[in-house]
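Both backbone and side-chain heavy atoms feed into the values below; hydrogens, waters and symmetry mates do not.
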Amino acid sequence: MIREMTGLSENEINEIEGSVEDIVYRNNQNGYSVLMLSCDGELVTAVGKMTEVSVGDELRLIGKIKHNPNYGEQFSFDYYEQSMPSNAAAILKYLSSRTIKGIGAKTARKIVDAFGDNTLEIMQKQPERLTEISGISHDKAMSIGEQVRKIFGMKEIMVYLTKYHITAPEAVRIWKEYGDSSISMIEKNPYILCGENIGVSFEKADKIAESFGRPLDDPFRIKAGILYIITYNSGNGHTCLPTDRLIDISADFLKTDKENTASAMAELIDDTALICDELDGRSFVFLPALYKSEFYGADRIALILKVPPERITGTEYAVETFEKINNIQYAEQQKRAIIEAMTGGLLILTGGPGTGKTTTLNAIINLYERFGLKVLLAAPTGRAAQRMSQLTGHEAKTIHRLLEVEWDNNERPRFSRNERNLLDCDALILDEMSMVDVTLFESVLRALPLGCRLIMVGDSDQLPSVGAGNVLGDLIDAGKIPVVRLTEIFRQSMESLIITNAHKIVHGEMPEICRTDGDFFFMEELDRDRISEKIVALYTKRLPAAYGYDPMNDIQVLCPGRKGVLGVTELNKRLQEALNPPGIGKQEVKTPVYILRVGDKVMQTRNNYDLPWARDDGSEGAGIYNGDIGIIEYIEKASGSAKIRFDDRVVSYNSDNLANVELAYAVTVHKSQGSEFKAVVMPMYYGAPQLYYRNLLYTAVTRAKEKLILVGNVSTLRKMVDNNKKTKRYSGLRAFLERSVG
């Protein structure tokens, strides 16, 4: 045990030093390592993230003793310092581990016997002396010397970086970007660490610069701060910011004057690190990539309008015939949408629940196929694509899968389908357009053949995309693309309080909450702990008993946010304890936030197109998507691996991939977009104003198919209905489209 060997205390910060005896496990992607460290003659298991490490390396680690239920006590380190082996014994161990190509155990022994403690210095500075060892030619000696110089250079940089608390993955990215010049580049301008390919936070780079004695008005600092602020705001959905506002915010954040800030911004624009353009008579600043996406999107839409696909004749007669054959009578707005889709090249079809979007869409698909058009269907997420397939009876893919995504080393998507490899279709239908951000929209347009029809379907009152941009809203507001907004609620839908209340909410009216005979219920409760208790009872007992719902497949708790007693994290833990508590023989594995057990309901939190799956019928494939919900069927404690069932697919996870899986008894409203559930339960309690607004409530309500239960305060419900903030997003697509089309 570590405590017995070292005298360290559990859960207290401690420091240990030793040499690496063995590397038990190493993840080269994120640097996570499990090491056997020799500390004063005793072996210690050390776990944490670090850069390149070799047997024989000398380490100083700072961290805590932690008890792993599978592997016992381990020293979990957050900070480390690394040095090359300094004595003959450590050097022998280092060279014998085959770190240097061409040196095995026997050759290592000969070299160390000849040069002792000076071995590594001689290999680095006088590699020709290695020819004194039998079996080492001049070419081999030079090759060994080159390897050692490279390793010394990299180790020197790693040691240099660790004292500034640079993480292992960050250090690897720095080395890949700047190589031997890393230290000199950082000392010249520590803010290069904020670069896109490295990703160190501005705050951390600022602390490093402060340790160098850099002044607050250092031009490098001001430029990096401006880029940090505009990049941060792109994470909040903005593709651009007003120039004057960006100067004010940056000067205040950096504690410098506006003149210096404006001067630094002008230099960034001159260097094309930022793009400046005028929208509606006001100057705006863009990140280049987002500017390119919006500008290209507007130009491509303008081209489609200028060169539309060949007009299909006889469409009105075809619609009438289709109505007679299928015994359907379309409303006027629906007919208009169908005919517009047949005669033009672009259409936005929008409307709330119960207004017939799916019926209209199915007619468009069927008529396209009757006229011999090849139709492709896609949606932003896996669950949205699955739902689209169920509603239309046609295969729908995620947009990423449709465009044949690949991922680069920095986890950024690259699409095989593009201008040089166009999609093979005559019509493309995109659903859930409110979820599509501007960079993904650009990628779709690049892969779209000239003459291909593009039908975009979505509810403009839903939450906007997580990524930057306001694509659906901008396309509608520009007034250049045919838009059909379905507003008539059909008679059968009028019987649903979920649907009628959703429309009330979106129009700023309080929903009907007094009825107890419908599908929309409000359970008033003022105390947050009682709200939590009622939600657990509804999920685990009351809804299953009253309606026969399966908690795992039919019921979903939706929360505005993740934090607090009524946030996703705490409710997940309470629901797990009620539905799937620990038990003898029940396997479990710990992740950063949760303990996952066999039988848990879980969600994949990011797209992974490489994860293999197998269906019950024996067919195989790969790919699991952000938002997919499944049940854990198997866990192997020793390796931390698991098997999770997503409907009819079973996916195998290793310990690294499980980091992208979390409990899903409760999820955020944002995560629920594109999905539907038989029953939705949602807490209504005071919280951050930025999470309690009309569109978020509307989105949550429209996720429920059969039952919607709100539990909490009427005043919170009223505040959400009244708060029509529709988070303001600065974007350029509308203005660029107006400019391109004229």
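- Distance check, rounded to the nearest 0.5 Å: CE of Met603 to NZ of Lys671 gives 6.5 Å.
- Of the charged side-chain nitrogens involved, at least one lies within less than 4.0 Å of a carboxylate oxygen, so that Glu132 and Arg129 count as a salt-bridged pair.
- You'll find the side chain of Ser283 reaches within 4.5 Å of the side chain of Cys276, heavy atoms only.
- The closest donor-acceptor contact from the side chain of Asn421 to the backbone of Ser416 lies under 3.5 Å.
- Side-chain contact between Met265 and Val285 is present, with at least one heavy-atom pair separated by less than 4.5 Å.
- Across all their heavy atoms, Gly145 and Pro127 have their closest contact at CA-CB, 3.8 Å.
- The 12-atom threshold is exceeded at CG of Asp270, counting heavy atoms of other residues, nucleotides or ligands nearer than 6.0 Å.
- Here the two rings, on Phe202 and Tyr191, have centers that are under 6.0 Å apart.
- Asp257 pairs by the salt bridge (Lys or Arg N to Asp or Glu O under 4.0 Å) definition with nothing, not counting sequence neighbours.
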Criterion salt bridge (charged side-chain N to carboxylate O under 4.0 Å, His left out) on Lys93 and Glu21, from CA distance to verdict
CA-CA 8 Å; Lys93 243 187 300 185; Glu21 291 290 319; 2.3 Å; yes
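- Of all the heavy atoms in Ala141 and Thr131, the pair that sits closest is CB-CG2, 4.0 Å.
- The 12-atom threshold is not exceeded at CD of Glu210, counting heavy atoms of other residues, nucleotides or ligands nearer than 6.0 Å.
- A heavy-atom distance below 4.5 Å is found between the side chains of Tyr653 and Ile624.
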Run the side-chain contact (heavy atoms from CB on, under 4.5 Å) check on Ile16 and Phe75 step by step: do they pass?
CA-CA 9 Å; Ile16 62 174; Phe75 189 82; 3.6 Å; yes
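- Between the OG atom of Ser731 and the CG atom of Asn470 there is a distance of 5.0 Å, given to the nearest 0.5 Å.
- Two rings, from Phe736 and Phe286, have their centers less than 6.0 Å apart.
- To the nearest 0.5 angstrom, Phe415 atom CZ is 10.5 Å from Glu406 atom CD.
- Formation of a donor-acceptor pair under 3.5 Å by the Ser38 side chain with backbone atoms of Ser19 is not found in this model.
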Phe284/Asp244 under side-chain contact (heavy atoms from CB on, under 4.5 Å): CA gap, chis, key distance, verdict:
CA-CA 8 Å; Phe284 281 81; Asp244 55 352; over 6 Å; no
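- Annotation: side chain of Leu440 is in contact with side chain of Ile399 (closest heavy-atom distance under 4.5 Å).
- Val436 is not listed as a side-chain neighbour of Ser465, based on a closest heavy-atom distance of 4.5 Å or more.
- Expressed to the nearest 0.5 Å, how far OG of Ser234 lies from CG of Leu241 amounts to 9.0 Å.
- Taking the six-membered ring for Trp and thresholds of 30 and 60 degrees, Tyr164 and Phe212 have ring planes more than 60 degrees apart, a perpendicular arrangement.
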Please determine whether side-chain contact (heavy atoms from CB on, under 4.5 Å) holds for the pair Val593 and Thr569, giving the CA-CA distance in whole Å, both sets of side-chain angles, and the decisive distance to 0.1 Å.
CA-CA 8 Å; Val593 178; Thr569 303; 3.8 Å; yes
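- Heavy atoms only, all atoms of each residue included: Ile247 and Ala262 are closest at CD1-CB, 3.9 Å.
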Chi angles and distances behind the salt bridge (charged side-chain N to carboxylate O under 4.0 Å, His left out) call for Arg562, Glu662
CA-CA 12 Å; Arg562 300 184 65 88; Glu662 60 182 40; 3.2 Å; yes
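- Minimum heavy-atom separation, Val200 to Ala205: CG1-N, 4.2 Å.
- Summarising the geometry, atom CD1 belonging to Ile144 is positioned 5.5 Å from atom CD1 belonging to Ile111; distances are rounded to the nearest 0.5 Å.
- Taking both residues in full, the closest heavy atoms of Ile166 and Ile174 are given as CG2-CD1, 4.0 Å, listed atom of the first, atom of the second, then distance.
- When only modelled atom types and interatomic distance are considered, Glu294 and Thr239 share a side-chain donor-acceptor pair under 3.5 Å.
- Contact between Ala209 and Pro190 at its shortest, heavy atoms only, is CB-CG, 3.5 Å.
- Contact annotation: the side chain of Ile192 approaches that of Tyr178 to within less than 4.5 Å [non-hydrogen atoms, C-beta and beyond].
- The backbone N or O of Arg729 lies less than 3.5 Å from no partner atom in the side chain of His238, so there is not a single donor-acceptor pair.
- A donor-acceptor pair under 3.5 Å is absent between the side-chain atoms of Gln74 and the main chain of Ser76, judged by distance alone.
- The closest donor-acceptor contact from the side chain of Ser250 to the backbone of Leu246 lies under 3.5 Å.
- The main-chain N or O of Asn236 is never found under 3.5 Å from a side-chain atom of Asn233 such that the two would form a donor-acceptor pair.
- Atom NZ of Lys258 has 12 or fewer neighbouring heavy atoms from other residues, nucleotides or ligands inside a 6.0 Å radius.
- Annotation: the span from Asp22 atom CG to Leu43 atom CG amounts to 9.0 Å, rounded to 0.5 Å.
- Side-chain atoms of Asp437 and Thr439 form a donor-acceptor pair, as typed in the model, at a separation below 3.5 Å.
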Checking Glu17 against Asp40 for the side-chain contact (heavy atoms from CB on, under 4.5 Å) test, could you report, in this order, the C-alpha distance in whole Å, the side-chain angles of both residues, the deciding distance, and whether it holds?
CA-CA 8 Å; Glu17 294 183 3; Asp40 297 325; over 6 Å; no
Please walk me through it: do Asp299 and Arg739 pass salt bridge (charged side-chain N to carboxylate O under 4.0 Å, His left out)?
CA-CA 9 Å; Asp299 273 4; Arg739 188 188 301 174; over 6 Å; no
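- Under a cutoff of 6.0 Å and an axis angle of 45°, Arg446 and Tyr296 form a cation-pi pair.
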Residues 215-231 side chain polar contacts: donor-acceptor under 3.5 Å, at least two apart:
from: Asp218; atom 1: OD1; to: Phe220; atom 2: N; distance (Å): 2.9
from: Asp218; atom 1: OD2; to: Arg214; atom 2: NH1; distance (Å): 2.9
from: Arg221; atom 1: NE; to: Asp206; atom 2: OD1; distance (Å): 2.9
from: Arg221; atom 1: NH1; to: Leu216; atom 2: O; distance (Å): 2.9
from: Arg221; atom 1: NH1; to: Leu254; atom 2: O; distance (Å): 2.9
from: Arg221; atom 1: NH2; to: Asp206; atom 2: OD2; distance (Å): 3.3
from: Lys223; atom 1: NZ; to: Glu267; atom 2: OE1; distance (Å): 2.7
from: Tyr228; atom 1: OH; to: Glu203; atom 2: OE2; distance (Å): 3.1
from: Thr231; atom 1: OG1; to: Leu227; atom 2: O; distance (Å): 2.7

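- Counting heavy atoms from C-beta on, the side chains of Ile103 and Met123 come closer than 4.5 Å.
- Legend: side chain to side chain donor-acceptor pair (under 3.5 Å) pairs involving residues 106-119, not counting sequence neighbours: none detected.
- Put simply, the side chain of Ile186 reaches to within 4.5 Å of the side chain of Leu193, judged on heavy atoms.
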